[in-house]
Amino acid sequence: SERGCLEEAISVYQDMLRRRPNDAEALARLGICLQKLKRSDEAIECLCAAIDLRPESPEALFFLGCALQGKEHFAEAVACYRASIGLQPDLAEAWFNQAVALRQQGLMDEALACVDKAVALQPGRADFLNGRGIALRFVGRLQEAIASYQEAIQIDPAYYTIPGKA
């Protein structure tokens with residue numbers, strides 16, 4: 001199972017860190033594993049330590065954003081996604097997650113601009129197109145929202161319901 005693999009990886013990274021406590025890569029990987037298991041507080045601690053050691057890691061910044069967003073610290077998450085994008089502008093997941101965090105703060109126009117960037121970077125992603133539909137709906141552009149939902153459904157029929165209408 002994925003959970004078992006993540007738990008095993010956590011054990012390996014913890015062993016590595018016992019030998020080399022300032023290993024930024026091991027700290028980042030440990031934080032990512034913890035985040036994937038929804039252990040956000042521990043993930044934040046590891047990812048912050050990794051970023052302190054190596055601030056130019058777009059992956060660590062991205063996953064720190066995910067952990068912060070999971071704890072509903074949306075402004076801090078956006079700051080992490082922006083820093084990650086600053087280092088790796090083609091990181092579509094960071095653009096998309098930034099859009100979601102902005103939407104959660106009520107910043108709909110900014111959210112739409114970010115999700116549009118994510119879709120431009122990876123146009124075949126049904127989740128991105130569905131997210132674009134959500135953002136368009138929130139800014140009142142309903143016909144475009146419907147078209148985006150339909151495009152998502154064509155790619156992946158799992159997106160057959162409009163959020164909030166199921």
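Throughout, residue positions are numbered sequentially from 1 according to the sequence presented.
Looking at every heavy atom in both residues, A49 comes nearest to L27 through CB-CD1, 4.0 Å. The heavy-atom pair separating L102 from C114 by the smallest distance is CD1-SG, 3.7 Å. For the pair L91 and P58, the tightest heavy-atom approach, listed with the atom from each and the gap, is CD2-O, 4.5 Å. The shortest non-hydrogen separation linking L53 to A24 is CB-CB, 3.8 Å. When all heavy atoms of A43 and A67 are compared, the pair lying nearest together is CB-CB, 4.4 Å. The shortest heavy-atom contact between A120 and P123 is O-CD, 3.8 Å.
Put simply, CD on E76 and CD1 on I44 are 9.0 Å apart, with the number rounded to the nearest 0.5 Å. Atom SG of residue C80 and atom CZ of residue F63 lie 12.5 Å apart, to the nearest 0.5 angstrom. Rounding to the nearest 0.5 Å places CD of E45 at 13.0 Å from OG of S40. Rounding to the nearest 0.5 angstrom, the gap separating the CG atom in D23 from the CG atom in L30 is 10.5 Å. The CD atom of Q35 sits 9.0 Å away from atom CG of L68, with the distance rounded to the nearest 0.5 Å.
V12 and I32 are not part of a single hydrophobic cluster, where members link through side-chain heavy atoms under 4.5 Å apart. A single hydrophobic cluster is not seen to contain both L87 and V78; linkage of ILVMFWY side chains at heavy-atom distances under 4.5 Å, directly or through other members, places them apart. In terms of hydrophobic clustering, with Ile, Leu, Val, Met, Phe, Trp and Tyr side chains grouped at heavy-atom distances under 4.5 Å, L112 and L142 are assigned to different clusters. Tracing side-chain contacts under 4.5 Å through hydrophobic residues (I, L, V, M, F, W, Y), one reaches L17 starting from L6; they form part of the same cluster. Linking ILVMFWY residues whenever their side-chain heavy atoms come closer than 4.5 Å, directly or via other members, leaves L107 and F74 in distinct clusters.
Looking at heavy atoms from C-beta onward, K71 lies in side-chain contact with D41 at the 4.5 angstrom threshold. The closest side-chain heavy-atom distance from I134 to R103 is below 4.5 Å. S148 is not listed as a side-chain neighbour of N130, based on a closest heavy-atom distance of 4.5 Å or more. Residues Y13 and C33 form a side-chain contact, since some pair of their non-hydrogen atoms from C-beta on lies under 4.5 Å apart. Looking at heavy atoms from C-beta onward, R132 lies out of side-chain contact with Y149 at the 4.5 angstrom threshold. In this structure, the side chains of L37 and I10 come closer than 4.5 Å at one or more pairs of heavy atoms. Q104 has its side chain within reach of Q69: a pair of non-hydrogen atoms, C-beta onward, lies under 4.5 Å apart. A heavy-atom distance below 4.5 Å is found between the side chains of E25 and R29.
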Between S57 and I51, is the side chain to side chain contact (heavy atoms under 4.5 Å, CB included) condition met? List the steps. CA-CA 7 Å; S57 171; I51 292 164; 5.5 Å; no
For Q98 and E110, what are the C-alpha separation, side-chain angles and deciding distance, and is it a side-chain hydrogen bond (donor to acceptor under 3.5 Å, both in side chains)? CA-CA 9 Å; Q98 179 177 304; E110 282 185 72; over 6 Å; no
Could you please spell out the steps behind the side chain to side chain contact (heavy atoms under 4.5 Å, CB included) verdict for F62 and I85? CA-CA 8 Å; F62 170 77; I85 290 164; over 6 Å; no
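L136 pairs in a side-chain contact (heavy atoms from CB on, under 4.5 Å) with only one of the listed residues (Q143, M108, E144), which is E144.
At distances below 3.5 Å, not a single donor-acceptor pair connects side-chain atoms of Q122 with backbone N or O atoms of A118. With hydrogens and angles disregarded, a donor-acceptor distance shorter than 3.5 Å links the side chain of Y81 to the backbone of G65. Judged by distance alone, with hydrogens and angles left aside, the side-chain atoms of W95 form no donor-acceptor pair with the main-chain N or O of D116 at under 3.5 Å.
With respect to R39 and E7, a salt bridge is recorded, a charged nitrogen being found less than 4.0 Å from a carboxylate O.
Side-chain contact of E59 with Q88: a donor-acceptor pair under 3.5 Å is absent, judged by distance alone.
Counting heavy-atom neighbours within 6.0 Å of D109 CG, excluding the residue itself, gives a total of 12 or less. Residue-environment remark: CD (E8) stays at or below the threshold of 12 foreign heavy atoms within 6.0 Å.
In this structure, F96 and F128 have parallel ring planes: the angle between them is below the 30° cut-off, well short of the 60° mark.
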